[in-house]
Student: 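Structure in structure tokens, see below.
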Amino acid sequence: MFSTQLAKRAAENNPIRVGIIGAGKFGAGLVAQISQMQGMVASAIADIDLGHATGAYEASNVPSNAIQRVGNVGAMDDAIHRGKPAITEDGQHIIQSDLIDVVVEATGIPEVGARMAYHTLMHKKHLVMVNVETDVTIGPFLRRLADNAGVVYTLVDGDQPGVTMNIVDWAKTLGFEIVAAGRGTVFYDDDRIGIPDTVPQRFGFSQEHIERRTINFKMFNSFRDGSKAQIEMTSLANMAGLPPDVRGMHEPSVNIEDIAKVFSLQGEGGILNRQGVVELANSVATDGKTMLDNPLRMGVFVVMRTDHPFTQEDLAGYNLYPGGNGKNYLLYRPYHLVAVEAPISIAKAALYGQPTGTPLPTPVADVITVAKRDLKAGEVLDGSGGYAVNGLVEKAEIARAENLLPLGLAYDVKLKRDISQGEAISYDMVELNEDSFVLKLRRLQDATI
């Protein structure tokens, strides 16, 4: 029904007007996809580097002389009213514009994401949150703000949490029990200690590709040092109510055909202590160096369960991979298309007032901060994808009981004492930045749970 409604908006010259905060690889990709659609337009981009914002439009064949650089809300509204794409260094100009229908937050920085998200929702605009780093830190609080404002706060379709949530929702709607849900990874034995400097080598990026696609080394390092997968599965956990089975998840090496077997209860030949969890399916073999024969790679999966013999017979007959003594079956999608699919979440929010996925009021998981290497007192932590720490998913009640520092707060905070590699970092081991906006919102969230 999206295409019908969008065609109607196009015919009425009333497109969904989208404002994008952050013009990195995702933001530019979103502009490219929207440029091919009807009934939706990327009206404005905010980025601290206006060259990135300009490049995002130019890559979608917008003439340079048509792009309007604006310095205030009035100028932005004027540009949008005249059908001119607007760029600004200040995301507040997008948030405060009366002509923007949906804001997409795609900076990937918890502090920036917290400010942009809070003000978007206070201005009663739908918010599509690409910034999972912010979501796993204060998502339940933002969801409450959205509910109170009568707008949508949603994770984005196309990214793995949203894509997996679509499958989870499908299975739950049909009465299936969720045994495990998650994503594939490509995680080599030396990835955990990876640093941003090694991104070009590890990904095989040329300098031309790095510049053209505005590659953020720190963000891409989080893809390879394990933190991003942990963050994304925490986001899924808090949308679907699926905690991790163990800290950091099991993340076994597993081919697609074995996923339903491996992610079953131990008593049924699997590795799980309980059902209803988030997990990772590693595409690298147990030697830590070579790829498996038939891995999931960057796809997503759900292992669902039915006790009904008739349905079991049907699922087996339709060639779904089984596990759990014939009661568990695998649903999977071998790809996620990130910015290509993101407009679905924008349309769903604007047309129907519905999220792709939104955190439950009470989180079931958190991303804790773990030392990537031996750290010394006085060192300053640099958050996800940096040189100092990794993130690991943990049950929310354990993270609270052990006073563990959320990864989203592990930015620009100084250590009070030495920390050993692999040690979980608690609040009392760091000097918090009391001026941090995301810290203030996290404290409000903690106080209301």
Student: Strictly by modelled atom types, are Glu111 and Ser436 linked by a side-chain donor-acceptor pair under 3.5 Å?
Tutor: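 Yes, side-chain donor-acceptor contact under 3.5 Å.
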Student: List, one per line, each side-chain donor-acceptor pair under 3.5 Å for residues 394-403, sequence neighbours excluded.
Tutor:
{"unit_1": "Glu394", "atom_1": "OE2", "unit_2": "Arg247", "atom_2": "NE", "d": "2.6"}
{"unit_1": "Glu394", "atom_1": "OE2", "unit_2": "Arg247", "atom_2": "NH2", "d": "3.0"}
{"unit_1": "Lys395", "atom_1": "NZ", "unit_2": "Pro244", "atom_2": "O", "d": "3.2"}
{"unit_1": "Lys395", "atom_1": "NZ", "unit_2": "Asp245", "atom_2": "O", "d": "3.0"}
{"unit_1": "Glu402", "atom_1": "OE1", "unit_2": "Arg247", "atom_2": "NH2", "d": "3.1"}

Student: With His209, which residues qualify under ring-ring contact (aromatic ring centres under 6.0 Å, His included), at least two apart?
Tutor: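 In terms of ring-ring contact (aromatic ring centres under 6.0 Å, His included), with neighbours along the sequence ignored, His209 is linked to Phe205.
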Student: Applying side chain to side chain contact (heavy atoms under 4.5 Å, CB included), can you list everything that pairs with Val338, at least two apart in sequence or on another chain?
Tutor: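 Per chain and number, Val338 pairs via side chain to side chain contact (heavy atoms under 4.5 Å, CB included) with Phe26, His336.
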Student: Is the NZ or CZ atom of Arg224 positioned over Phe203's six-membered ring, under 6.0 angstrom from the centre and within 45° of the axis?
Tutor: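 Yes.
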Student: Nearest 0.5 Å please: distance from the CD atom of Glu133 over to the NZ atom of Lys228.
Tutor: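 Between Glu133 CD and Lys228 NZ, I get 3.5 Å after rounding to 0.5 Å.
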Student: With no hydrogens and no angle check, do the side chains of Asp374 and Ser420 hold a donor and an acceptor under 3.5 Å apart?
Tutor: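 No, no side-chain donor-acceptor pair sits under 3.5 Å.
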Student: Ring centroids only, cut at 6.0 angstrom: are Phe301 and Phe263 within range, meaning strictly under it?
Tutor: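 Under 6.0 Å, so yes.
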Student: Tell me whether the count of non-hydrogen atoms from other residues, nucleotides or ligands lying under 6.0 Å of NZ in Lys348 goes above 12.
Tutor: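 Enclosed: over 12 neighbouring heavy atoms sit under 6.0 Å from NZ of Lys348.
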Student: Return the minimal non-hydrogen interatomic distance between Leu405 and Leu432, and the atom names on each side.
Tutor: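 Where Leu405 meets Leu432 most closely, the heavy atoms are CD1-CD2, 4.1 Å.
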Student: Using a strict threshold of under 4.0 Å (side-chain N to carboxylate O), is an ion pair present between Glu268 and Arg305?
Tutor: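 Yes.
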Student: Any side-chain heavy atom of Met129 sitting closer than 4.5 Å to one from Val156?
Tutor: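 Counting from C-beta outward, Met129 and Val156 never come under 4.5 Å.
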Student: Are more than 12 heavy atoms from other residues, nucleotides or ligands located less than 6.0 Å from atom NZ of Lys124?
Tutor: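 Counting other residues, nucleotides and ligands, NZ of Lys124 stays at 12 neighbours or fewer.
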Student: Quick check: are there more than 12 heavy atoms from other residues, nucleotides or ligands sitting under 6.0 Å from OH of Tyr352?
Tutor: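 Yes, the 6.0 Å shell around OH holds more than 12 heavy atoms from other groups.
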Student: Is the number of heavy atoms from other residues, nucleotides or ligands under 6.0 Å of Leu360 CG greater than 12?
Tutor: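 Counting neighbours around CG of Leu360, more than 12 heavy atoms of other residues, nucleotides or ligands fall under 6.0 Å, so yes.
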Student: With sequence neighbours left out, write down each residue that passes side-chain hydrogen bond (donor to acceptor under 3.5 Å, both in side chains) with Ser227, or none if nothing qualifies.
Tutor: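 So Ser227 forms a side-chain hydrogen bond (donor to acceptor under 3.5 Å, both in side chains) with Asp225.
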Student: So, Thr214 versus His52: side-chain donor-acceptor pair below 3.5 Å or not?
Tutor: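 His52 and Thr214 do not have a side-chain donor-acceptor pair below 3.5 Å.
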Student: Could you pull out all donor-acceptor pairs under 3.5 Å where a side-chain atom in residues 408-417 meets a protein atom, sequence neighbours excluded?
Tutor:
{"unit_1": "Tyr411", "atom_1": "OH", "unit_2": "Ser384", "atom_2": "N", "d": "3.2"}
{"unit_1": "Arg417", "atom_1": "NH2", "unit_2": "Glu423", "atom_2": "OE2", "d": "3.0"}

Student: Taking only Lys NZ, Arg NE, NH1 and NH2, and the carboxylate oxygens of Asp or Glu, determine whether Arg373 and Glu379 approach each other closer than 4.0 Å.
Tutor: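 The answer is yes: the pair qualifies as a salt bridge.
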Student: Applying salt bridge (Lys or Arg N to Asp or Glu O under 4.0 Å), name anything that partners Asp190, two or more places apart in sequence or on another chain.
Tutor: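 For Asp190, the residues satisfying salt bridge (Lys or Arg N to Asp or Glu O under 4.0 Å) (neighbours in sequence not counted) are Arg202.
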Student: Test of understanding: with side chain to side chain contact (heavy atoms under 4.5 Å, CB included), list the residues that count as partners of Leu315, not counting sequence neighbours.
Tutor: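 Only Phe176, Met304, Thr306, Thr311, Leu320, Tyr329 meet the side chain to side chain contact (heavy atoms under 4.5 Å, CB included) criterion with Leu315.
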Student: Quick one: list whatever passes ring-ring contact (aromatic ring centres under 6.0 Å, His included) with Phe217, sequence neighbours left out.
Tutor: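 Once residues adjacent in sequence are excluded, Phe217 has no partner under the ring-ring contact (aromatic ring centres under 6.0 Å, His included) criterion.
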Student: Run the salt bridge (Lys or Arg N to Asp or Glu O under 4.0 Å) test against Asp47 and tell me which residues pass, sequence neighbours left out.
Tutor: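 Listed in chain order: nothing, the list is empty.
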Student: With sequence neighbours excluded, tell me which residues meet side-chain hydrogen bond (donor to acceptor under 3.5 Å, both in side chains) with Gln445.
Tutor: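 Partners of Gln445 by the side-chain hydrogen bond (donor to acceptor under 3.5 Å, both in side chains) criterion come out as none, since no residue qualifies.
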Student: Report the residues that fulfil side-chain hydrogen bond (donor to acceptor under 3.5 Å, both in side chains) with His126, sequence neighbours left out, ordered by chain and then residue number.
Tutor: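 Residues passing side-chain hydrogen bond (donor to acceptor under 3.5 Å, both in side chains) with His126: none at all.
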Student: Backbone N or O of Ala285 within a donor-acceptor pair of the Thr290 side chain at under 3.5 Å?
Tutor: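 No, the answer is negative, given that no donor and acceptor are paired below the 3.5 Å cut-off.
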Student: Could I get the full list of side-chain hydrogen bond (donor to acceptor under 3.5 Å, both in side chains) partners for Asp147, not counting sequence neighbours?
Tutor: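 By the side-chain hydrogen bond (donor to acceptor under 3.5 Å, both in side chains) rule, Asp147 matches Arg143.
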Student: Under 4.5 Å between any side-chain heavy atoms of Leu30 and Pro343, yes or no?
Tutor: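 Sidechains of Pro343 and Leu30: in contact.
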Student: Considering residues, nucleotides and ligands other than Ile48, do more than 12 of their heavy atoms fall under 6.0 Å from its CD1?
Tutor: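 It does not: Ile48 CD1 has 12 such atoms or fewer within range.
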Student: Out of Val104, Leu127, Ile95, Ile45, which residue meets the side-chain contact (heavy atoms from CB on, under 4.5 Å) rule with Ile21?
Tutor: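 Testing Ile21 for a side-chain contact (heavy atoms from CB on, under 4.5 Å) against Val104, Leu127, Ile95, Ile45 leaves exactly one candidate, Ile95.
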Student: Would you say that more than 12 heavy atoms from the other residues, nucleotides or ligands in this model lie under 6.0 Å from the OH of Tyr118, or not?
Tutor: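 No, the 6.0 Å shell around OH holds no more than 12 heavy atoms from other groups.
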Student: Are the charged groups of Glu279 and Arg274 less than 4.0 angstrom apart, N to O?
Tutor: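 No, Glu279 and Arg274 are not salt-bridged.
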Student: For a salt bridge (Lys or Arg N to Asp or Glu O under 4.0 Å) check, start with the C-alpha distance between Lys327 and Glu177, then their side-chain angles and the critical distance, and finish with the verdict.
Tutor: CA-CA 10 Å; Lys327 296 182 178 181; Glu177 181 181 358; over 6 Å; no
